[in-house]
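Each remark here refers to the structure printed beneath this line.
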There are 2 protein chains.
Amino acid sequence: MSEPISRRALILQEAAHLFREKGYPGANLRELARRSGIQGGSIYHHFASKQEILFQLMDNTMSDMIERLSERLIDSQTPYEKLRTTVYFHIEYHVTGPDQTYITDDELRNLEPENYLRVVAKRDRYQKIIEEIMLAGKTEEGWRLAEPKLYTRALIKMCAGVATWFNPDGDMSITQVAEAYADLLCNGLLPR
Amino acid sequence: MSEPISRRALILQEAAHLFREKGYPGANLRELARRSGIQGGSIYHHFASKQEILFQLMDNTMSDMIERLSERLIDSQTPYEKLRTTVYFHIEYHVTGPDQTYITDDELRNLEPENYLRVVAKRDRYQKIIEEIMLAGKTEEGWRLAEPKLYTRALIKMCAGVATWFNPDGDMSITQVAEAYADLLCNGLLPR
DNA sequence: TTGTACCTAACAAACGTTAGGTTTGCTTCT
DNA sequence: AGAAGCAAACCTAACGTTTGTTAGGTACAA
């Protein structure tokens with residue numbers, strides 16, 4: 001079945017959780033090591049520095065998001081379908097991997113300049129994918145939007161925000177939330 | 001005109017800025033003192049601890065938000081007007097005081113249990129105000145929303161998110177952005 | 001003279017990081 | 001098969017620095 005998780009992967013996983021709990025500067029490597037089942041110093045056998053752990057975490061997540069969203073969009077034809085797919089994906093990805101996505105959305109300020117640029121570049125690529133959908137919707141289906149970039153950001157923020165309050169044991173499923181959010185974006189609050 | 005700012009207020013202001021820059025655990029009191037024009041230890045003449053600075057910051061901000069939003073809503077009559085007013089206010093408040101609002105939205109995890117509860121209580125009061133508007137819109141104007149709480153959160157997240165990218169020197173004013181966001185919430189993307 | 005506002009210097013603890021040693025499992029040679 | 005070699009994975013103990021916080025003092029205005 002699934003391979004046994006490598007220690008390196010385990011450290012990254014625990015780091016995501018710990019960084020979300022305490023923030024990057026508030027998390028310490030001894031605690032991270034403990035949760036990963038090794039001693040403090042042994043972290044450095046797998047990573048060169050604390051900073052590298054953060055960078056790998058964020059860089060991996062961004063790559064994964066771009067790849068997975070692109071895959072999903074292949075099956076969608078119209079801009080309308082693509083928009084709904086994107087809303088679904090973005091919410092689902094944030095809710096299922098809340099640690100990774102929280103770090104990636106929120107710890108940019110703690111990246112050293114070089115790492116910062118690389119992660120931001122990937123984030124911009126991801127945004128661009130959604131922006132293109134908005135643009136296509138405008139030209140092909142007459143969507144009512146002046147600034148595609150503006151609404152791209154609105155979509156990203158509101159969908160990412162779901163992860164901060166969503167409760168798997170609550171009375172709404174991810175799909176139901178995604179449906180509701182997609183409806184809001186498409187049709188708005190006012191009656192038609 | 002405006003009174004000379006008290007040292008205490010200055011420290012809070014600089015703390016908001018510093019905490020946003022580095023995160024609460026990443027910010028240190030000597031740097032905060034330096035920016036406030038005093039020596040490290042002197043912070044403790046004004047505050048009992050680093051934690052108290054964070055709490056005062058967040059608590060003040062939440063109180064201010066509740067008060068100011070309530071004031072603004074007095075002039076609005078219909079749920080429709082109230083919704084637009086809320087969108088305007090929430091965006092404007094986040095864009096004009098990005099340090100305070102960022103901390104308040106983001107540093108909950110670093111509050112000690114007692115402080116946490118008090119700030120969350122105020123945050124919930126703020127949310128409740130918006131939720132009531134959603135509910136009124138549904139019953140009085142037939143808005144299309146199943147879960148008012150759901151859309152309240154969507155509104156809050158997407159409007160707060162503006163502060164992360166808004167540029168006062170860019171080619172859109174706060175008002176223009178607010179207009180666009182309010183339109184999106186009311187009417188959605190699809191043509192009518 | 002009394003209290004507010006601040007400074008200086010130090011404390012103990014916690015931090016990221018490093019050096020050097022030990023264990024473990026695999027490969028290679030005889 | 002068994003010994004020898006080796007690199008990866010990990011441990012232990014320590015380093016220098018930074019951290020929040022405190023104690024005790026000074027300057028000054030009411």
Side-chain angles (χ1 to χ4, degrees), chain A residues 3-59 103 106-116 119, chain B residues 3-59 103 106-116 119:
Chain A
E3 291 185 35
I5 190 172
S6 73
R7 176 122 296 158
R8 188 191 148 90
L10 177 64
I11 294 174
L12 281 175
Q13 187 178 301
E14 295 294 335
H17 195 71
L18 190 61
F19 289 172
R20 178 154 83 124
E21 234 178 279
K22 316 250 183 129
Y24 174 73
N28 76 77
L29 295 184
R30 284 170 180 86
E31 170 84 11
L32 175 57
R34 206 183 51 74
R35 296 193 187 187
S36 308
I38 54 178
Q39 295 294 325
S42 305
I43 296 267
Y44 287 81
H45 181 70
H46 302 278
F47 298 93
S49 64
K50 186 183 182 185
Q51 169 76 197
E52 203 211 324
I53 299 178
L54 178 63
F55 172 67
Q56 290 294 336
L57 209 50
M58 296 177 70
D59 195 63
I103 306 308
D106 208 69
E107 292 286 8
L108 272 172
R109 63 182 164 192
N110 287 312
L111 286 175
E112 287 161 9
E114 194 188 345
N115 294 337
Y116 176 87
V119 173
Chain B
E3 291 185 35
I5 191 172
S6 74
R7 177 123 295 157
R8 187 191 149 91
L10 177 64
I11 294 174
L12 281 174
Q13 187 178 301
E14 294 294 335
H17 195 72
L18 189 60
F19 290 172
R20 177 154 83 124
E21 233 178 280
K22 315 252 181 125
Y24 175 73
N28 77 78
L29 295 184
R30 285 171 180 82
E31 170 84 11
L32 174 57
R34 206 183 49 74
R35 294 193 188 187
S36 307
I38 53 177
Q39 293 295 324
S42 306
I43 296 267
Y44 287 81
H45 181 70
H46 301 277
F47 298 93
S49 64
K50 185 184 183 185
Q51 169 76 195
E52 204 212 323
I53 299 177
L54 178 62
F55 171 67
Q56 289 295 337
L57 209 51
M58 295 177 71
D59 195 62
I103 305 307
D106 207 68
E107 293 285 9
L108 271 173
R109 62 184 165 191
N110 287 312
L111 285 176
E112 288 161 9
E114 192 187 347
N115 295 336
Y116 176 87
V119 173

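Chain naming here is simple, since letters A, B, ... match the order of the sequence lines and numbering starts at 1 in each.
- Here C/dC7 presents its P atom at 13 Å from CZ of B/Arg34, a figure rounded to the nearest Å.
- For the residue pair B/Leu10 and B/Ser36, the shortest heavy atom distance occurs at CD2-O, 3.6 Å.
- As judged by a 4.0 angstrom heavy-atom cut-off over every strand, A/Arg30 is placed among the base-contacting residues.
- Summarising the geometry of B/Pro25 relative to A/Lys22, their closest heavy-atom pair is CG-O, 3.6 Å, with the distance given to 0.1 Å.
- For the residue pair B/Phe19 and B/Leu57, the shortest heavy atom distance occurs at CD1-CD2, 4.0 Å.
- For B/Ile38 and C/dT4, the CD1 to P distance is 17 Å, given to the nearest whole Å.
- Position along DNA chain D of the nearest nucleotide to A/His46 versus B/Pro25 favours A/His46 as the more 5'-ward residue.
- Regarding contacts with the backbone of C/dA5, a side-chain N or O of B/His45 is found under 4.0 angstrom from either OP1 or OP2.
- In this structure, B/Gln39 atom CD and C/dA10 atom P are separated by 15 Å, rounded to whole Å.
- Backbone-only engagement by A/Ala27 is indicated by non-hydrogen atom pairs under 4.0 Å involving sugar-phosphate atoms exclusively.
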Step-by-step side-chain hydrogen bond (donor to acceptor under 3.5 Å, both in side chains) determination, A/Glu107 to A/Asn110: CA-CA 6 Å; A/Glu107 292 286 8; A/Asn110 287 312; 2.6 Å; yes
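- One can place CG of A/Leu32 at 12 Å from C1' of C/dG16, the figure rounded to the nearest angstrom.
- In this structure, B/Arg34 does not pair ionically with B/Glu14, as no charged nitrogen and carboxylate oxygen lie closer than 4.0 Å.
- Listed pair B/Arg7 / C/dC6 meets the phosphate criterion, a side-chain N or O lying under 4.0 Å from OP1 or OP2.
- Rounded to whole Å, the distance from CG on A/Leu18 to C1' on C/dC15 is 14 Å.
- One atom, CG of A/Asn28, and another, C1' of C/dA14, lie 8 Å apart when rounded to the nearest Å.
- Across every non-hydrogen atom of B/Ile53 and B/Phe47, the tightest pair is CG1-CG, 3.5 Å.
- When DNA chain D is scanned in the 5' to 3' direction for atoms under 4.0 Å from non-hydrogen atoms of chain B, the outermost contacting nucleotides are D/dT19 to D/dT22.
- Here the closest heavy-atom approach between residue A/Leu54 and residue A/Ile103 is recorded as CD1-CG2, 3.6 Å.
- As rounded to whole Å, 9 Å separates atom C1' of C/dC15 from atom OH of A/Tyr44.
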